[in-house]
J.: 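Input: one structure, supplied below.
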Amino acid sequence: MRLSTPPFAPADTDVTDVDFLASTYYTEGDPHALWTHLRAHEPVHHFTPSDGREPFWVVTRHADVSRVLKDHSVFSSRRGTMLCIIDLSMPDIASDQMMPDTDPPRHGQLRDPLNRVMTPRAVAAQEETIRGIVREMLEPALDGEVFDLAQAALMFPMAFTGSMMGLPRETWDRMSRLTTMTIAYDDPEYMEKAPKPTLRQAHHELFSFFSDEIARRDRTDPGDDLIGILLRMSLEGEPLTERQIMLNCYSLLLGANVTTPHVVSTTALAMAEHPDQFRAIQENPQLRGTAMEELLRWSSPASHFMRYATADVELGGRTIRAGDPVSVWLGSANRDERVFKDPFTFDVARRPNRHIAFGVGPHYCIGSGLARLALRLFLDEFAERVEKVELAGEPVHLASNFVAGFKHLPVRLTPRAGTAPARSFAAAGAVA
Amino acid sequence: MSTQTTTAGAASQDYVAALFARLLNVPAPGPDDDFFVLGGTSLSAMDLIALIEQERGVQLPVRDFYRGTSVAELAATLDQLSEASA
């Protein structure tokens, strides 16, 4: 997905030819040109796939996207929240069981106990661990050779979510790859045989890892990590079933693994493309807070979410019928001219910045505190230790209609003078 | 030898077909019927693998299962795994 290619010629955009489900459109096409056109002319667009798959709505303005995400009484999450269900014509197997696929009040019963350990205050305890992981990730990149930052970044969240969930270290590499398979099921580098079997196998393998871990736990003393908390939780007075625990483990891991890496990659790319802005955050650490929010807006790694209408409803001058699927596009909302001044200008000092990269409403990303901590630590290390970023090849985007991200980003980093790789510190900060 | 293998293969096919029928609530699947086309999901596939371990004492790795998910293919995989462990 091109992240920074204005100006477009929106008048040339022919919406009738666009397949809103095709991952290649987001990989090789120019979705920002399309979204800019849609925001201006058809902010609530009805898309009918040519091959009989279920038609759905495409919502692109910030205000409409926010309304859909906030109003769960009309726009329900219970039948699934990602277009893969329509793309692959597969049923939602997690309805009412997995937090993202629930509506309030059931949603709150699953969310509240997890939220308590995911607040910015609670996750602050992870700071030194994550700083160590960031240093380990960056260290091999600082030798002046070409380094594929996207590949390194894809492993980054697993290194802290793995220990926060209490998963065995030897499973992390495979789990990280499996989570990418679930959102890039037709990317040639991640697909196995065909898209559907890829998604199924990835789900099944992930569920099996979690099921094994749940079986290992002592139910009377399951531990204080995230799996331990899920084991102690209840829903409508009953302890969670193994299946519910497994599905929610999956959801937590997916939320971290498939999104965070792409903000890391976007940071390097944006700094390579905007050396003046990089200089600004190197010289002025106080800008890094707004810079991080701008990087979240700029990358918008979770590209869409989906809801099902529960009643007839007017939106953007169109009538959405009860039962219709509605896709809302965060990447588009975050470039909405009605909300952001010069939305296609990357500005590390942008303020205000009402981006919705973490969503909005009851399903606001539960991991946002952790993500902000990890990304801020990355930005600090990157600004302190890297003098200059150069692209050393074409960025390659992950084939996905759900995630706007990178699978390859060859960069050459020049280390800043006096910041030789601190091997001993990196080792000390690594996860035990 | 070959007779034995064929018999074993047929027995495994009968077993897998009955298992699909039980789990997915479908009548008499044939050798080419696929678990997922019959309505299986990644969750019911977990039940399938658990039942095979309980009833047959065969541990079927997830990745081996996805090599072929029709009645005949899964029966062949089970026979291979049984032979390998025998």
Side-chain angles (χ1 to χ4, degrees), chain A residues 79-80 82 84-85 87-98 101 170-171 173-175 177-179 181-183 185 190-215 240-251 253-254, chain B residues 12-13 15-17 19-27 29-82 84-85:
Chain A
R79 288 176 59 194
M82 289 160 68
C84 62
I85 287 175
D87 190 14
L88 301 180
S89 304
M90 287 167 83
D92 178 27
I93 55 173
S95 177
D96 281 337
Q97 313 299 312
M98 186 173 81
D101 295 15
E170 65 272 16
T171 64
D173 284 358
R174 181 69 186 163
M175 286 190 122
R177 181 173 171 83
L178 290 167
T179 48
M181 280 164 64
T182 68
I183 54 92
Y185 43 73
Y190 289 92
M191 183 168 69
E192 307 211 353
K193 286 201 281 196
K196 262 193 209 191
T198 305
L199 186 62
R200 281 194 195 110
Q201 184 181 334
H203 282 162
H204 190 165
E205 268 193 66
L206 285 163
F207 296 160
S208 300
F209 279 127
F210 293 124
S211 175
D212 290 350
E213 183 57 32
I214 294 163
L240 297 192
T241 63
E242 183 188 336
R243 203 137 279 195
Q244 287 166 338
I245 296 171
M246 207 174 69
L247 286 167
N248 284 288
C249 286
Y250 163 70
S251 156
L253 190 67
L254 187 75
Chain B
S12 294
Q13 283 201 16
Y15 169 70
V16 171
L19 198 55
F20 281 16
R22 219 179 340 148
L23 267 172
L24 305 174
N25 203 19
V26 291
D32 296 328
D33 280 332
D34 184 275
F35 181 74
F36 293 107
V37 176
L38 293 172
T41 66
S42 49
L43 282 177
S44 44
M46 292 197 68
D47 297 331
L48 181 86
I49 289 178
L51 280 172
I52 289 171
E53 186 174 353
Q54 275 171 28
E55 297 176 357
R56 282 295 185 93
V58 176
Q59 283 199 349
L60 172 60
V62 177
R63 278 185 251 187
D64 289 348
F65 170 65
Y66 282 86
R67 275 196 211 118
T69 50
S70 72
V71 167
E73 288 166 330
L74 184 56
T77 306
L78 288 184
D79 286 343
Q80 277 169 20
L81 287 169
S82 310
S85 63

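Proteins get letters first, then strands, A, B, ... in listed order; numbering begins at 1 in each.
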J.: Would you mind checking which part of A:Lys193 comes under 4.5 Å of any heavy atom in chain B, side chain (CB onward), backbone (N, CA, C, O), both or neither?
T.: side chain

J.: Strictly below 4.0 Å, N to O, side chains only: are B:Arg22 and B:Asp47 in salt-bridge contact?
T.: no

J.: Output yes when B:Arg63 and A:Glu205 qualify as a salt bridge under the 4.0 Å nitrogen-oxygen rule, no when they do not.
T.: yes

J.: Given that the side chain runs from C-beta out, which part of A:Met90 has a heavy atom under 4.5 Å from chain B: side chain, backbone, both or neither?
T.: neither

J.: Among B:Leu43, B:Thr41, B:Ile49, which residue has the highest count of heavy-atom pairs closer than 4.5 Å to chain A?
T.: B:Leu43

J.: Using a cut-off of under 4.5 Å on heavy-atom pairs, state which of A:Ser211, A:Ala94, A:Ser208 scores highest against chain B.
T.: A:Ser208

J.: Report the distance from atom CG of B:Asp64 to atom OG1 of B:Thr77, rounding to the nearest 0.5 Å.
T.: 7.0 Å

J.: Compare every heavy atom of A:Ile85 with every heavy atom of A:Arg79, then report the nearest pair and how far apart it is.
T.: O-CD1, 3.6 Å

